[in-house]
Each structure stands twice: as structure tokens, then as C-alpha cells.
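What follows is one structure encoded as C-alpha cells, with my remarks underneath.
Residue numbers run from 1 in the order of the sequence given. Ligands are counted one by one from 1 in listed order, and the atoms in each one are counted from 1 as well.
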Amino acid sequence: AKARGKGCFEIFESRMHEQLIDRLDSEARLRDAVHRGELRLHLQPVVALPGKRVGGVEALVRWQDPERGLQQPGSFIPLAEETGLIAEIDRWVLFEACMTVKRWQDLAPHASPAWVSVNLSAVELEIPDLTDRVAYALATTGLSPHCLVLELTETVLMRDLAVTAARLEELRELGVKIAIDDFGTGYSSLGYLRDIPVDVLKVDRSFITGLVGNQRQQELVSAVLQLGHTLGLKVVVEGIETEDQLELLGRMGCRYAQGYFLGRPEPVATLIERMTTGSAI
Ligand code: C2E
Ligand code: CA
Ligand code: CA
Ligand code: CA
């Protein structure tokens, strides 16, 4: 039994060792990814209802890892957040998104998105020069501030309400808009709606899964739509995967929708082609 125990410990130890090496390796490669130009910008359409015209796009980052292929954010954003690399990634995405959409608007004024939204990670709001950085991205790319939406999750907002409110006010003075992402998944939604300046609510897709056929959930989503509209906010419903969901949401008064049914995140070239040949998605 003793020998077996020792063997188990060795296996355990060597697995930990492997994991550690693996992690250091991933971290090093992620660190280089930005400089080696391995990040990719994907854009997912946000559609205006009724009519399904593209209103805006959301920027979603991908990592074209030469060893493992195209990586989704779930596989590297957590590591990037732990190591602080997220600041660099978000900076790249911000700049790339502004540049891409500005060029697109110049090329096709009537068949391009009116806004682009960019995700900011929790640590971002604590970076003192965030506002300068956003202003710089706008000035350099020429994108109108009104065309930029910054998406923040509720967890970010809950950190320090006073600091957050002040920071967001600065950003809004530039003319950019603030969205609350994954709305409804946090704990104090009403509190920060009172204290924090926001322009857009993005209803989390967990409210949409199982929406059809669930009266209670429908009433909840209706109430959120109404609340948002009463406060003069734009409400985007995320995670629409079926025609039934879209049709139901349309009847509930939903004006902006995003989801695989309407368009997946895609490289800009693919999306441009789709929008110029097919008008609506
Ligand atoms: P998010 O901001 O809530 O983005 C929406 C996620 O839902 C995206 O996943 C999108 O591909 C996915 N999605 C869209 N429509 C549907 C649908 O109909 N069904 C389902 N099941 N999923 C749908 P993605 O691209 O894997 O991104 C995951 C998360 O990673 C994002 O969630 C965001 O929190 C984070 N993220 C992505 N890009 C960035 C970035 O540039 N910076 C930061 N800080 N975070 C990012
Ligand atoms: Ca988002
Ligand atoms: Ca979301
Ligand atoms: Ca999210």
C-alpha cells in the first residue's frame, strides 16, 4: 500500500509539474501572440428589428495559435486576465475594431454598421489612462466617438461604484456609449442603473434559452425590455438561436437582437461580403 501511495504521489506531482510547464508555456506564447500578430478580430452583427438590418457589430477576439489553431476567448481570456496580458489584448482589439469599422464606413456608407462595441475586462476600469487610450484610438482611426460602445459586465461595475461612475462619466464625455453586458446575471442591477451612467443593456443569453414556452421567463424579459426603454436605454437581446425566439421577442417589443440565428462572429471580410451581397443578414 505504501509503495502504491508513493506512486500516486509521484504521478500527482509529475502531473502538477506538467500543468505548470504547460501554463508557463501558454503564458509565454500568449505574451508573444500580440506582437507576432496572431490575434484576430471577429465581428458579430447586432440586428435592428423589425427588418433585420445590421445596426452594429460586436468585436470578439480570437487567437490564431500556430500550434493549436484558432482559439476562442474562453480558452485564453482567463489566463490573460490573471497575468495582466488582457490590457494589451483589449488595447489591440479596441484599435483594430475602431480602424476596421471606420474603413468599412468610408467604403460603404450605406451598408456598414453604425456602431462597434468592444468588450472591456474588469481590470481595465482601474487603468488610469483608459480614457486617454480610448480618445487616442478614436483620434488615430477617425472613428466617430458616437460609433463606439464599450461593454462592461456587471461584475466590473460592482467593484467600486464611485470610481466606476466617475470613470464612465469621463468616457461618456468623449461621446462614447457604455453598455452593461450579460445584464441580469449580477446581483445589484437596479442599484447601478441608478448610480452609473449607461446607454445600452445587453440581456444575457441565459434568459433566452428556454424562452419559448416559458411564461414566467417571457414576463421577465418583457419587464427588462420595458424597464430599459422607459429609462431611454437601448436594449440588445443576446443569444438568439432560433426563428421562434426572434419572432417571440419581436412581439415582446425587442428592437435589437444578436445571436447565431442572425449571424455568427466572423472575420470582417466575410461579413462585408454578406452585407453587400445580401443586404439583410
Ligand atoms: P460576451 O461579451 O458575452 O460575447 C458573446 C459571446 O456569446 C461570444 O462568445 C459569442 O460568440 C457568443 N454568442 C453569440 N451569439 C450566440 C448564440 O446565439 N448562442 C450562443 N451559444 N453563443 C452566442 P465568444 O466570442 O466565445 O466570447 C466569449 C466571451 O469572451 C465574451 O462574452 C467576452 O466576455 C469575452 N471576450 C471576447 N472578446 C473579448 C475581448 O476582446 N476583450 C475582452 N476583455 N473580453 C472578450
Ligand atoms: Ca460582450
Ligand atoms: Ca454578453
Ligand atoms: Ca460574457
Side-chain angles (χ1 to χ4, degrees), residues 30 33-34 38-47 54 56-64 70-101 115-127 130 133-134 137 148-157 177-186 189 198-212 224 234-246 249 254 256-268 270-271 281:
L30 185 57
V34 188
E38 292 167 7
L39 295 183
R40 298 286 177 271
L41 185 73
H42 280 201
L43 299 173
Q44 184 179 30
V46 177
V47 158
V54 174
V57 286
E58 177 173 2
L60 294 158
V61 70
R62 304 289 183 258
W63 173 20
Q64 185 65 56
L70 194 70
Q71 302 292 304
Q72 305 296 312
S75 76
F76 63 93
I77 293 276
L79 180 63
E81 284 179 333
E82 274 174 51
T83 54
L85 289 170
I86 190 68
E88 222 171 315
I89 294 176
D90 281 355
R91 195 182 319 185
W92 181 87
V93 172
L94 173 68
F95 200 88
E96 192 74 11
C98 291
M99 187 176 70
T100 303
V101 169
W115 75 86
V116 58
S117 55
V118 171
N119 294 285
L120 288 187
S121 137
V123 293
E124 236 69 30
L125 276 187
E126 283 157 19
I127 296 176
L130 176 66
R133 196 192 282 181
V134 171
L148 180 63
V149 182
L150 301 173
E151 296 194 3
L152 299 154
T153 60
E154 299 184 320
T155 350
V156 177
L157 298 174
K177 300 204 163 57
I178 306 295
I180 299 181
D181 203 358
D182 305 346
F183 184 76
T185 58
S189 317
V198 296
D199 308 279
V200 182
L201 298 183
K202 298 194 75 175
V203 180
D204 190 66
R205 75 161 178 270
S206 58
F207 291 94
I208 306 314
T209 320
L211 182 74
V212 176
V224 172
K234 196 175 262 186
V235 185
V236 178
V237 176
E238 291 192 287
I240 291 158
E241 295 183 348
T242 69
E243 184 154 29
D244 287 352
Q245 288 170 345
L246 183 68
L249 284 161
C254 169
Y256 294 96
Q258 184 178 356
Y260 291 167
F261 179 69
L262 296 155
R264 286 182 178 256
E266 290 176 307
V268 62
T270 317
L271 199 56
I281 290 277

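Below 4.0 Å from some heavy atom of N119 lie the following atoms of ligand 1, by number and element: 2 (O), 42 (N), 43 (C), 44 (N), 45 (N), 46 (C). The ligand atoms of ligand 1 that sit less than 4.0 angstrom from a heavy atom of I86 are 44 (N). Every atom of ligand 1 with a heavy atom of I240 under 4.0 Å away is listed here by number and element: 18 (O). Per-residue contacts place G259 under 4.0 angstrom from the following atoms of ligand 1 (heavy atoms of the residue considered): 15 (N), 18 (O). Residue contact check: V93 has heavy atoms under 4.0 Å from atoms 41 (O) of ligand 1. When each atom of ligand 1 is checked for a heavy atom of D90 under 4.0 Å away, the hits are 40 (C), 41 (O), 42 (N), 43 (C), 44 (N). Annotation for ligand 1: atoms under 4.0 Å from non-hydrogen atoms of G239 are 17 (C), 18 (O). Close contacts of ligand 1 with S121, meaning ligand atoms under 4.0 Å from a residue heavy atom, involve 44 (N).
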If you apply the rule side chain to side chain contact (heavy atoms under 4.5 Å, CB included), what do you find for V47 with L246, and how did you get there?
CA-CA 11 Å; V47 158; L246 183 68; over 6 Å; no
Could you walk me through whether S206 and D204 pass the side chain to side chain donor-acceptor pair (under 3.5 Å) check?
CA-CA 5 Å; S206 58; D204 190 66; 2.6 Å; yes
Less than 3.5 Å apart, which donor and acceptor atoms pair up between the side chains of residues 84-100 and the rest of the protein, not counting sequence neighbours?
residue	atom	partner	partner atom	Å
E88	OE2	H35	NE2	2.9
D90	OD2	S121	N	3.1
T100	OG1	E96	O	2.6

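At least one N/O-N/O distance between Y260 and ligand 1 falls below 3.5 Å. Residue R205 places at least one N or O, backbone or side chain, under 3.5 Å from an N or O of ligand 1.
Defined by atom type and a distance below 3.5 Å, a donor-acceptor pair is missing between the side-chain atoms of R62 and Q71.
The heavy atom nearest to atom 25 (O) of ligand 1, considering only Q245, R264, Q72, R62, is found in R62. Across V118, L120, V61, heavy-atom proximity to atom 38 (N) of ligand 1 is greatest for V61.
E58 has its closest N, O or S atom to the Ca ion (ligand 2) at the position named OE2. Atom OD2 is the N/O/S atom of D181 found closest to the Ca ion (ligand 2).
Under the 4.0 angstrom criterion for non-hydrogen atoms, E58 is in contact with ligand 1.
Here CD1 of I180 is found 13.0 Å from CG of L150. Values are rounded to the nearest 0.5 Å. The CD1 atom of I77 sits 11.0 Å away from atom CD of Q72, with the distance rounded to the nearest 0.5 Å.
The proximity of Q44 to ligand 1, defined as any non-hydrogen pair under 4.0 Å, is limited to the side chain. When non-hydrogen atoms are compared, ligand 1 lies under 4.0 Å from neither the backbone nor the side chain of K202. When heavy-atom distances to ligand 1 are checked against a 4.0 Å cut-off, H42 has no atom that comes that close, whether in backbone or side chain. When heavy-atom distances to ligand 1 are checked against a 4.0 Å cut-off, P265 comes that close only through its side chain, counted from C-beta outward. Contacts between D182 and ligand 1, counted as non-hydrogen atom pairs separated by less than 4.0 Å, involve the side chain only. Contacts between D204 and ligand 1 below 4.0 angstrom, taking non-hydrogen atoms only, are absent altogether.
Not a single N, O or S atom of D182, from either the backbone or the side chain, sits less than 3.0 Å from the Ca ion (ligand 2). Among the atoms of D204, no N, O or S atom is found under 3.0 Å from the Ca ion (ligand 3).
Panel note: side chain E241, backbone G259; no donor-acceptor pair is recorded below 3.5 Å. Not a single donor-acceptor pair under 3.5 Å links the side chain of E58 to the backbone N or O of V46. Without hydrogens or angle criteria, D199 side chain to I178 main chain gives a donor-acceptor distance under 3.5 Å.
Rounded to 10°, the angle formed at the Ca ion (ligand 2) by N119 OD1 and E151 OE1 is 90°.
E81 is linked by a salt bridge (charged side-chain N to carboxylate O under 4.0 Å, His left out) to nothing, counting only residues two or more places apart in sequence or in another chain.
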